[in-house]
> 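Encoded as structure tokens, here's the structure I'll be asking about.
Both ligands and their constituent atoms are indexed starting at 1 by order of listing.
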Amino acid sequence: MWEQRWHPLREEWVILAAHRQHRPWSGEEIRSVQVPLPTYVEDCYLCPGNSRVDGQRNPAYRHTFVFENDLPCVSTHAPAAAPPRASMHRSTDARGMARVVCYTPRHDLTLAELDHGGIERLLGVWQSQYIELGAHRDIAHVLIFENKGEVVGVSNPHPHCQIYATNFVFKTIEVEARASERHLAGTGRVLFQDVLNAERRDGRRLLVENDSAIAFVPYFARYAYETYVAPKQTHPSIAALSASELSDLAVVLKEVLVRFDNLWRMSFPYVMALHQAPTDGRPYPGVHFHIEFHPPLRTPTLLKYLAGPEIGGGNFLSDTSPEEKAAELRAVPDIHYKQAGSSRAAGG
Ligand SMILES: [Zn+2]
Ligand SMILES: [Zn+2]
């Protein structure tokens with residue numbers, strides 16, 4: 001395979017060179033050590049009852065727990081930007097709020113291992129956080145994301161995500177929103193619905209589907225195992241989903257995560273991001289809320305490095321075929337390997 005595929009949401013070409021995936025490799029290998037974690041860790045700043053860097057103590061929470069990030073990247077107290085010295089330079093204030101959401105008091109679990117009720121409850125928290133933070137007058141966007149795994153720089157395995165509510169809209173969201181608006185104005189159709197319809201017609205990259213939610217490896221995937229999870233109906237944000245849509249979404253999300261972990265029987269690293277409409281007060285009828293997973297590993301030990309083409313040239317070069325990667329994810333069981341092991345053991 002040697003071709004370019006158009007990414008309509010990012011408005012860029014993705015270069016596919018899948019014949020390169022078996023090239024000899026003598027670089028660094030990622031070693032994932034799978035030590036079973038305890039359910040509670042005394043010096044974990046996210047475990048219930050423990051104190052954090054700023055001295056505050058976590059409550060004895062039972063489900064999810066949301067708090068203001070103690071070391072925020074953005075703050076409402078940010079000083080005004082200094083005027084640039086050169087007239088061609090521009091600067092403006094970077095302000096906002098940063099929060100952390102603990103998924104569960106259990107230090108040893110991951111999102112993949114939460115039960116349906118736990119994931120559904122978390123989706124409800126994302127809804128209320130988006131609504132609450134987005135309602136602030138100077139918050140233009142709410143970015144909800146999870147970095148999972150040491151290869152994406154996460155030192156604390158306690159399951160959690162982060163929220164950046166900012167006075168600016170992140171670049172990818174801005175590009176996607178603009179592309180969606182232009183598509184709606186030009187065709188009368190929602191761009192993401194066209195993406196969904198094409199995936200359904202083709203079928204080779206579909207992973208999971210139920211009444212109102214769907215997951216697939218997009219035709220234009222940049223990463224091996226890149227996966228989109230979305231409601232079928234167009235909603236500009238997670239806030240607009242009904243209770244039954246939220247429940248269906250939780251089912252599909254769970255199955256995707258279980259398939260990720262089952263692929264190599266290890267906790268699967270990823271960057272997960274919720275893509276939804278900015279909260280700058282304008283309507284975004286063309287935006288279709290979806291969750292994107294960007295997994296950094298190509299094999300259990302090989303990391304996708306961003307190098308010349310991506311950093312130097314600005315386009316992604318993918319060494320894998322989205323059709324093959326989707327088939328791999330479909331081929332693994334939909335019961336988490338840890339649970340499958342314990343139920344076998346329990347069943348004697
Ligand atoms: Zn913990
Ligand atoms: Zn997106």
> Can you tell me the N, O or S atom of Glu292 that's nearest the Zn ion (ligand 2)?
OE2
> Less than 3.5 Å apart, any donor N or O on the side chain of Glu199 or Tyr228 sitting next to an acceptor on the other?
no
> To the nearest 10°, what's the angle at the Zn ion (ligand 1) between atoms SG (Cys44) and SG (Cys47)?
110°
> Check all N, O or S atoms of His275 and name the one closest to the Zn ion (ligand 2).
ND1
> Calculate, to the nearest 0.5 Å, the distance between atoms CD and CH2 belonging to Gln4 and Trp13 respectively.
6.0 Å
> To the nearest 10 degrees, could you say what angle the Zn ion (ligand 1) makes with ND1 of His158 and ND1 of His107?
110°
> For the atom pair CG (Leu133) and OG1 (Thr166), what is the distance rounded to the nearest 0.5 Å?
10.0 Å
> Please determine whether Cys102 has a backbone or side-chain N, O or S atom lying under 2.8 Å from the Zn ion (ligand 1).
no
> What's the spacing between Ser244 OG and Leu249 CG if we round to 0.5 Å?
11.0 Å
> Any idea which N/O/S atom from His290 gets closest to the Zn ion (ligand 2)?
NE2
> Might you point out which heavy atoms bring Cys47 and Asn58 nearest each other, and give the distance in Å?
O-ND2, 3.0 Å
> Give the name of the N/O/S atom in Glu176 that lies closest to the Zn ion (ligand 2).
OE2
> Would you tell me whether Asn262 and Arg259 have side-chain atoms, one donor and one acceptor, within less than 3.5 Å of each other?
no
